[in-house]
J.: 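My structure is below; once you've seen it, I'll send some questions.
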Number of protein chains: 2
Amino acid sequence: MAVKRDTKNQILDIAEALLQERGFHAFSYQHIASKLGVKNAAIHYHYPSKNDLAVALVARYRRRFSRWSENLAKENAAPWPCFESYIETCRYLIESNKICVLGMMAAEFNTMAEEVQREIQLLQDEVVSYFSDLLKRGQEQGEFSFLGDAAHKALVLTCQLQGAMQFAQVKGSGVYNVVVDQLRAELKPQA
Amino acid sequence: MAVKRDTKNQILDIAEALLQERGFHAFSYQHIASKLGVKNAAIHYHYPSKNDLAVALVARYRRRFSRWSENLAKENAAPWPCFESYIETCRYLIESNKICVLGMMAAEFNTMAEEVQREIQLLQDEVVSYFSDLLKRGQEQGEFSFLGDAAHKALVLTCQLQGAMQFAQVKGSGVYNVVVDQLRAELKPQA
DNA sequence: GTGACTTTACTTACTAAATGGTAAGTCGTC
DNA sequence: GACGACTTACCATTTAGTAAGTAAAGTCAC
């Protein structure tokens, strides 16, 4: 029974990995099909056009991020562990030669259909507002210290991490460690 | 006489614009050819393979950045104007629906040939070390204030700006203004 | 300077492979 | 026997890339 609906998700798994490693225009239905051990047309059966694939991919990524951040909220996790949790998730991506879906889609934004663009915008909003909430909470609890508005700082933070993941592809994961160390130092109170 | 050697450069101009707007795998020789009003094979005459094009493109971009930063150094420009000059250059890119060559190539890094990857690495080194020098100089003159090593802060700054350009594509140039304002505030002494 | 050549900057006319996509058929399960 | 999940067998288009030809400009012996 798990085998049935799974193909549709497995396609997204493979497509997501390919997107994060290579970018949307650098993989094809053939790549997915051969990795899944299935024929080209099977992919089209589940996602008629590559556009449909893109929409589903970003939408699922967005839902996953939603659930992830909601779980952290329910656990009432402290600000620093929340921060470190995100950092670790990104580190895992880097070590698999991947970057964030958001970062890749932002770079390729102009080439995506409107429907996909809207999904990307929603994803960006969610990631930034996750950090916005986290920063606000951390500031109130005296755990974080930063200049200006939490929403603005959240945007900067998101840009920074996206950039760090991309630069880590270019020069290795050491880049990521440097950036994250600097981030931590700057967020710590009494600096 | 300017017409002669110019085609080779015009190809790079068009390819660079397409790269910055769409990414390396989302434009073809046909796109360049039709924009230049020339046939497909003419592009192959100057750049036999797309790989050659990529190498030449990044190398030229790198040379241009070198000259740009050397000129600023010769003028002995003050730290803040140097900083603002870079900010303005990026703003111009955003307004033409483009992102930095470095940011795009970083996102697509895994799909590029080794030769191109080396050029991208060199470009990244140059950009980061430009900021590293600038930050150091600014700090010594009491114009900038930041935590930790200038080289580390430079890396962070570069990530931030690359990310900001990409996010500006997604949600408009307002994003860029917010990020840049925050960056300015954080760099100002006596915060 | 003229004729003979080479070189440069292309065009025309291809090719093989890959791309996204479709229509019709198969096959096991409810 | 209807439906879901495919496969087989296509298709038009686009892709990077090549080979051969051409027109104009440059080079150079004489």
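Residue numbers start from 1 in every chain, and the chains themselves are labelled A, B, ... in the order their sequence lines are given, proteins ahead of strands. The figures that follow rest on heavy atoms only: side chains count, while hydrogens, waters and symmetry mates do not. These numbers were taken from a predicted model, which means no experiment stands behind them.
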J.: Just by distance, do the side chain of N9(B) and the backbone of D6(B) share a donor-acceptor pair under 3.5 Å?
T.: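 No, N9(B) side chain to D6(B) backbone: no donor-acceptor pair under 3.5 Å.
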J.: Decide whether a cation-pi geometry holds between K50(A) and F27(A); the criteria are a distance under 6.0 Å from NZ or CZ to the six-membered ring centre and an angle within 45° of the ring axis.
T.: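 Verdict for F27(A): a cation-pi partner in K50(A).
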J.: Return the value, rounded to whole Å, for the distance between atom OH of Y29(B) and atom P of dT15(C).
T.: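 In whole Å, dT15(C) P and Y29(B) OH are 21 Å from each other.
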J.: Could you tell me how far apart K8(B) (NZ) and dA9(C) (P) are, to the nearest whole angstrom?
T.: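 Rounding to the nearest Å, NZ of K8(B) and P of dA9(C) are 8 Å apart.
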J.: Expressed as a whole number of angstroms, how long is the span from L18(B):CG to dA16(D):P?
T.: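 Taking CG of L18(B) and P of dA16(D), I get 11 Å after rounding.
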J.: So, is T7(A) close to the dC6(D) phosphate, meaning a side-chain N or O under 4.0 Å from OP1 or OP2?
T.: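 For dC6(D), OP1 or OP2 has a side-chain N or O of T7(A) closer than 4.0 Å.
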J.: Check for me whether K8(A) meets the cation-pi criterion with Y47(A), that is, NZ or CZ under 6.0 Å from the six-membered ring centre and within 45 degrees of the ring axis.
T.: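 K8(A) over Y47(A) ring: yes.
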J.: Should the pair R91(A)-E84(A) be classified as a salt bridge under the 4.0 Å nitrogen-to-oxygen rule?
T.: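 Salt bridge flag = no for E84(A) with R91(A).
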J.: What's the NZ-P distance between K50(A) and dT19(C), to the nearest Å?
T.: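 Those two atoms, NZ and P, are 8 Å apart.
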J.: Rounded to whole Å, how long is the line connecting atom NE2 of H25(B) with atom P of dT14(D)?
T.: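 So the two atoms are 20 Å apart, to the nearest Å.
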J.: Among residues 35-45 of chain A, which residues get a heavy atom nearer than 4.0 Å to DNA chain C?
T.: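 Within this stretch, A41(A), H44(A) sit under 4.0 Å of the strand.
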J.: Report yes if at least one side-chain N or O of S28(B) is closer than 4.0 Å to OP1 or OP2 of dT14(D); otherwise report no.
T.: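 For dT14(D), neither OP1 nor OP2 has a side-chain N or O of S28(B) closer than 4.0 Å.
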J.: Does the side chain of H46(B) come under 3.5 Å of the side chain of T7(B) through a donor N or O and an acceptor N or O?
T.: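 Distance-only check fails for H46(B) and T7(B).
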J.: Is any side-chain heavy atom of L72(B) closer than 4.5 Å to a side-chain heavy atom of E75(B)?
T.: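 Touching, per the 4.5 Å side-chain cut-off.
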J.: F27(A) has an atom CZ; how far is it from atom P of dA18(C), in whole Å?
T.: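 Rounded to whole Å, this separation is 17 Å.
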J.: For Q30(A) and dT8(D), give me the distance from atom CD to atom C1', rounded to whole Å.
T.: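 Distance check: Q30(A) CD to dT8(D) C1' gives 14 Å.
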J.: Please report the distance, rounded to the nearest Å, between OH in Y47(A) and P in dA5(D).
T.: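 Y47(A) atom OH is separated from dA5(D) atom P by 12 Å.
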